[in-house]
Amino acid sequence: MNRLAGFSMSSRIRSRSWNASEVSVSSPDSRYTTAADSSSSWTSTLSCFQFAIDPPMFHVGSQCLTRESLPSQRASREASRVSVLSWGVVRSGWGPASFRDSPFRLGMGTAGSNDMKPTSIAHALGGQVGVGSEIRIQGWVRTRRDSKAGLSFIHVHDGSSFDPIQVVAGNSLANYESEVAKLSAGCAVDVVGTLVESQGKGQSTEIQASSVEVVGWVEDPDTYPVSPKRHTFEYLREVAHLRPRTNTIGAVTRVRNCLAQAVHRFFHERGFYWIHTPIVTGSDCEGAGDMFRVSTLDLCNIPKTPDGKVDYSQDFFGKETNLTVSGQLNVECYCLALSKVYTFGPTFRAENSYTARHLAEFWMIEPEIAFADLDQDADLADELLKYCFRAVLEERADDMAFFVERIEKTAIERLEKFIATPLTHLDYTDAIEILETCGKTFEFPVHWGADLQTEHERFLAEEHVKGPVAIKNYPKEIKAFYMRMNDDGKTVAAMDILAPGIGEIVGGSQREERLDRLDARIAELGLNIDDYWWYRDLRRYGTVPHAGFGLGFERLVVYATGVQNIREVIPFPRWAGNATF
RNA sequence: UCCUCGGUAGCUCAAUGGUAGAGCAUGCGGCUGUUAACCGCAGGGUUGUAGGUUCGAGUCCUACCCGGGGAGCCA
């Protein structure tokens with residue numbers, strides 16, 4: 001017996017039409033195709049199957065095509081078409097005779113459509129494919145409009161660009177009535193045709209389809225959560241698994257990727273090393289906010305020490321550990337050896353923050369530069385931001401145009417202005433004076449020594465400067481222990497970059513490189529000096545002035561896109577009470 | 001955690017304490033090289049949950065749950 005067995009990856013029956021002239025089953029290695037008569041009906045993706053050639057047997061693994069496995073609403077319509085497919089062996093009573101009896105043809109390619117290499121829609125629309133050439137695209141239906149002249153216009157999207165491509169499917173297609181005319185938003189299709197100049201308005205080229213294969217149906221178009229209409233962002237968050245199919249989230253996703261690539265390119269071009277600082281930290285001295293505990297202790301049976309406290313010595317790491325709130329202290333170690341370094345990874349803050357600019361899990365970029373002071377630090381941040389925005393304008397013009405049209409009118413203008421304008425530097429002391437004399441009354445009074453409230457930051461960035469502004473040299477009382485003491489003894493070399501609509505996008509400082517001053521600050525703040533032994537070692541062995549900053553990646557995406565809420569710019573946002581998906 | 005607004009059809013929203021509606025979406029029909037198409041018809045509801053007031057509650061009261069916006073914290 002010629003038995004072909006043990007395909008571990010998923011495979012798929014590639015045709016579901018009753019009219020199909022053939023059924024092909026493909027695996028990563030090869031494809032098996034057989035003829036099937038017009039009454040055969042197939043749906044579902046199969047995996048882990050075995051194929052026996054002689055006698056014809058069909059072992060189905062994890063997903064078995066049965067009446068029950070059919071989507072509910074379709075079941076009634078289609079059940080009559082589905083013959084009995086039992087678990088394990090296809091019985092002789094199942095399926096069309098021609099299928100059972102026909103020899104399986106081995107190898108690539110009996111179905112012409114499956115031979116052609118698919119093209120991304122971005123390539124098809126971008127002029128890389130010549131008009132008149134054969135083309136194959138794979139994607140999902142956005143909309144379908146019918147013309148009773150015997151045509152359907154199908155917008156197909158594959159994520160490669162903002163625009164979908166228009167597929168023109170005529171009623172001469174064998175599955176036109178049975179399938180093409182029933183396509184709805186979200187259906188997955190595999191289209192072969194000719195790239196032609198469009199006869200209609202709205203697009204220059206389109207595909208005249210010679211074949212439209214439905215790879216995956218939408219089970220119940222009536223309740224498909226991402227119907228072609230306007231949805232609120234709040235609603236889309238509840239269907240976060242499907243929201244990448246929308247224009248906005250798709251565009252945000254491409255811009256986010258563009259920004260991430262630009263960040264790495266920026267640093268790479270300047271000789272920075274990307275340092276993978278730990279996600280799990282045993283350092284309890286990061287002090288940047290409430291932390292998520294990491295533990296393997298049984299919550300129902302927590303070991304206690306004799307004095308009644310949690311006995312972390314029995315925990316996985318033998319000590320209390322948490323998810324990182326910043327890679328800064330770790331990356332400083334590498335900075336003082338490799339000179340120019342940065343981190344770019346996930347960060348976790350267990351704060352009950354319900355605002356449009358906070359997440360419990362977010363990505364942060366933290367460069368650290370040796371032999372550098374605060375101004376060089378601020379300049380680096382400015383350059384990085386400008387580099388990233390330039391990349392977005394150049395690489396994602398299509399998505400940015402959409403943001404201007406639907407999300408934020410000034411999205412492009414704002415980035416262009418940012419790029420063209422030198423970053424405004426403002427001393428904290430001067431900022432306070434501006435706030436005190438601006439004639440505006442604030443809910444929170446302004447005075448030297450107080451931290452800037454959101455309303456103050458907004459005034460400075462949105463009304464006074466009307467653009468991003470770096471505020472430098474804050475009072476030491478409101479900043480972290482590691483920031484470098486200025487000569488005045490009152491302020492530290494800290495800087496925050498405030499952006500309109502977002503507030504603080506960058507927070508950084510020159511680090512205190514003098515051991516005696518560092519120790520004094522640790523003591524002043526009542527911190528346990530023993531916890532900082534390795535951090536202090538950096539000041540004992542070849543210390544140099546150095547500086548760095550943290551840039552909230554999602555805030556960067558928010559600023560670039562003009563999207564209002566940070567929860568829209570990360571695929572699966574986490575905030576207090578929300579970790580579905 | 002605090003302040004504030006809200007929860008009604010798949011989605012967005014209406015509805016003096018008195019018969020729960022519209023637009024979009026979906027299905028069917030018509031029309032059309034269409035493109036947020038258009039025209040007609042249809043299906044679709046335990047009004048967030050649990051109590052209470054009332055002859056009568058989507059509407060008023062109480063508690064809770066969920067969501068938005070703002071604040072704090074920060075990136």
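What you see is a predicted model; the values in this text were computed from it and never measured. Naming: A, B, ... by sequence-line order, numbering from 1 per chain.
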_Nucleic acid footprint by protein, nucleotides 5-10 of chain B - heavy-atom cut-off 4.0 Å, B for base, S for sugar-phosphate alone_ = -----B
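- For A:Thr232 and B:rU12, the shortest distance from a side-chain N or O to OP1 or OP2 is below 4.0 Å.
- Among the protein residues, A:Val506 comes within range of the sugar-phosphate backbone only, with heavy atoms under 4.0 Å from sugar or phosphate atoms but none that close to a base.
- Within 4.0 Å of A:Gln453, counting heavy atoms only, lie sugar-phosphate atoms of the nucleic acid but no base atom.
- Under the Watson-Crick or G-U wobble criterion, with both distances below 3.5 Å, B:rG33 is left unpaired in every strand shown.
- Within the 4.0 Å cut-off from OP1 or OP2 of B:rC66, not a single side-chain nitrogen or oxygen of A:Asn578 is found.
- Remark: the A:Glu234 side chain and the B:rU12 base include no donor-acceptor N/O pair separated by less than 3.5 Å.
- Among the heavy atoms of the strands lying under 4.0 Å from A:Gln199 is at least one base atom, whether or not backbone atoms are also near.
- Note on A:Thr454: a side-chain N or O is less than 4.0 Å away from OP1 or OP2 of B:rG72.
- Nucleotide B:rC41 forms a pair with B:rG27, judged by Watson-Crick or G-U wobble geometry with both contacts under 3.5 Å.
- Taken to the nearest 0.5 Å, the OG1 atom of A:Thr343 stands 6.5 Å off from the CE atom of A:Met364.
- The phosphate of B:rG68 (OP1 or OP2) has a side-chain N or O of A:Arg567 nearer than 4.0 angstrom.
- Counting non-hydrogen atoms of other residues, nucleotides and ligands closer than 6.0 Å to CH2 of A:Trp140 gives a total of 12 or fewer.
- The listed nucleotides are B:rG72, B:rG68, B:rG33; the one nearest the side chain of A:Phe444 is B:rG72.
- Base-pair partner of B:rA15: not found among the strands shown (Watson-Crick or G-U wobble, both distances under 3.5 Å).
- Side-chain nitrogen and oxygen atoms of A:Arg142 include none within less than 4.0 Å of the OP1 or OP2 phosphate oxygen of B:rA36.
- Contact check on A:Lys440 versus A:Glu455 returns no salt bridge, with no Lys/Arg side-chain nitrogen under 4.0 Å from an Asp/Glu carboxylate oxygen.
- Counting to the nearest Å, the C1' atom of B:rC74 and the CZ atom of A:Arg574 are 20 Å from each other.
- Heavy atoms of A:Gln208 sit under 4.0 angstrom from at least one base atom.
- As a whole-Å value, the separation of A:Arg144 CZ from B:rU34 P is 16 Å.
- In terms of phosphate contacts, A:Asn247 brings no side-chain nitrogen or oxygen within less than 4.0 Å of OP1 or OP2 of B:rA36.
- A:Asp373 pairs by the salt bridge (charged side-chain N to carboxylate O under 4.0 Å, His left out) definition with nothing, not counting sequence neighbours.
- Side-chain atoms of A:Ser353 stay outside donor-acceptor range of the base of B:rC74, with no qualifying N/O pair under 3.5 Å.
- Annotation: A:Phe292, atom CZ; neighbour count of heavy atoms from other residues, nucleotides and ligands within 6.0 Å is above 12.
- Considering only side-chain N and O atoms, A:Arg357 lies under 4.0 angstrom from the phosphate OP1 or OP2 of B:rA71.
- For NE2 of A:His123, the number of neighbouring non-hydrogen atoms (other residues, nucleotides, ligands) closer than 6.0 Å is 12 at most.
- Of the nucleotides present, B:rU49 is the one that pairs with B:rA63 by Watson-Crick or G-U wobble criteria, both distances under 3.5 Å.
- No more than 12 heavy atoms of other residues, nucleotides or ligands lie within 6.0 Å of CD in A:Gln564, so this atom counts as exposed by the packing criterion.
- Using Watson-Crick or G-U wobble geometry with both donor-acceptor distances under 3.5 Å, B:rA71 finds its partner in B:rU1.
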